[in-house]
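Indexing begins at 1, ligand by ligand and atom by atom, following the structure's order. Only heavy atoms go into these numbers, but all of them, side chains included; no hydrogens, no water, no symmetry mates.
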Amino acid sequence: MTTTHIRPLVAGNWKMNGLAAALGEATAVNEALSGSTIPADVMLCPPATLLSRMAEAMRGSAVRIGAQDCHPAASGAHTGDISAEMVKDAGASAVIVGHSERRADHAELDRIVRAKAVAAHRAGLTAIVCIGETRGERAAGLTIDVVNRQLKSSLPDGVTGANTVVAYEPVWAIGTGLTPSTDDVAEVHAAIRAHLTGRFPAEGDRVRILYGGSVKPSNAKELMSLPNVNGALVGGASLKADDFLAIIRAYA
Ligand code: PGA
């Protein structure tokens with residue numbers, strides 16, 4: 001079965017960037033998109049401090065809001081953490097879990113990522129589950145093994161096309177300006193699709209598989225047109241409305 005029926009998603013991950021003044025970039029994205037017919041969903045994932053203000057500013061618009069992380073528990077004694085329920089309460093509809101920067105900076109293992117995805121589902125959020133190999137793993141020919149292992153251990157049961165998005169982000173491509181060849185991206189996305197349809201027969205071909213890692217206006221169209229690439233997770237290039245809009249327009 002083909003996956004051309006999947007509506008793509010272009011999500012911007014602001015990471016630890018953005019003070020209140022940066023909300024103007026989100027507003028500019030929204031204004032540029034309003035009235036347009038681009039056949040893609042658009043999401044911005046600001047830092048937690050801007051979640052509710054951005055959600056308020058985007059209320060009623062086509063721009064959805066996502067968070068960058070959540071704690072597995074709904075509430076409790078976890079100083080500094082934010083639960084999926086809080087993310088939802090702030091106005092977001094999705095949360096990124098298992099980003100490689102969190103896996104590296106906070107020693108997040110697959111089972112923690114899985115627990116966070118479970119929390120996202122519990123709260124009614126879409127979990128954007130990130131996976132991807134390191135430079136060394138790719139050099140050793142382990143990419144497909146690593147991706148399959150991460151999928152097996154990071155994805156919870158009950159995955160549907162509505163409650164889960166998978167983001168393939170080669171660690172070595174994030175923020176480096178490097179991207180895999182289009183053949184390599186297509187190969188990994190096909191392997192992810194095979195994993196999803198094998199484990200979730202009714203829903204696996206509905207789950208969006210995003211590519212992330214140095215997506216920019218100049219390469220978006222080529223990457224987004226590959227089979228089983230159902231959108232992008234964009235870091236640096238999502239911080240400026242003009243760049244982010246140029247990426248979204250890969251679908252125009
Ligand atoms: P980048 O980041 O687009 O800046 O490479 C992507 C990501 O980490 O989601």
- N30 and M54: CA distance, side-chain angles, deciding distance, side-chain contact (heavy atoms from CB on, under 4.5 Å) verdict: CA-CA 11 Å; N30 185 27; M54 192 181 285; over 6 Å; no
- Item | Ion pair check, D69 and K116, cut-off under 4.0 Å | yes
- Decide, yes or no, whether a salt bridge links E56 with R59 under the criterion of side-chain N to carboxylate O below 4.0 Å. yes
Numbered atoms of ligand 1 (with element) below 4.0 Å of [X], judged on heavy atoms:
X    : result
L233 : 9 (O)
N13  : 9 (O)
H99  : 7 (C), 8 (O), 9 (O)

- Query: Starting from atom 9 (O) of ligand 1, which protein heavy atom do you reach first, and at what distance in Å?
  - Reply: E169 OE2, 2.6 Å
- Task: Please test R64 against D41 for salt bridge (Lys or Arg N to Asp or Glu O under 4.0 Å), starting from the C-alpha separation and ending with a verdict.
- Result: CA-CA 8 Å; R64 300 165 189 212; D41 289 336; 3.5 Å; yes
- With rounding to the nearest 0.5 Å, note down the distance linking CD1 in I174 to CG in L178. 11.5 Å
- Going by heavy-atom distance to atom 5 (O) of ligand 1, choose the closest among G175, G235, G236. G175
- G213 touching ligand 1 at heavy-atom level, < 4.0 angstrom: yes
- Only one of V215, L44, L239 passes side chain to side chain contact (heavy atoms under 4.5 Å, CB included) with F244, and that residue is L44
- K15 N/O to ligand 1 N/O under 3.5 Å: yes
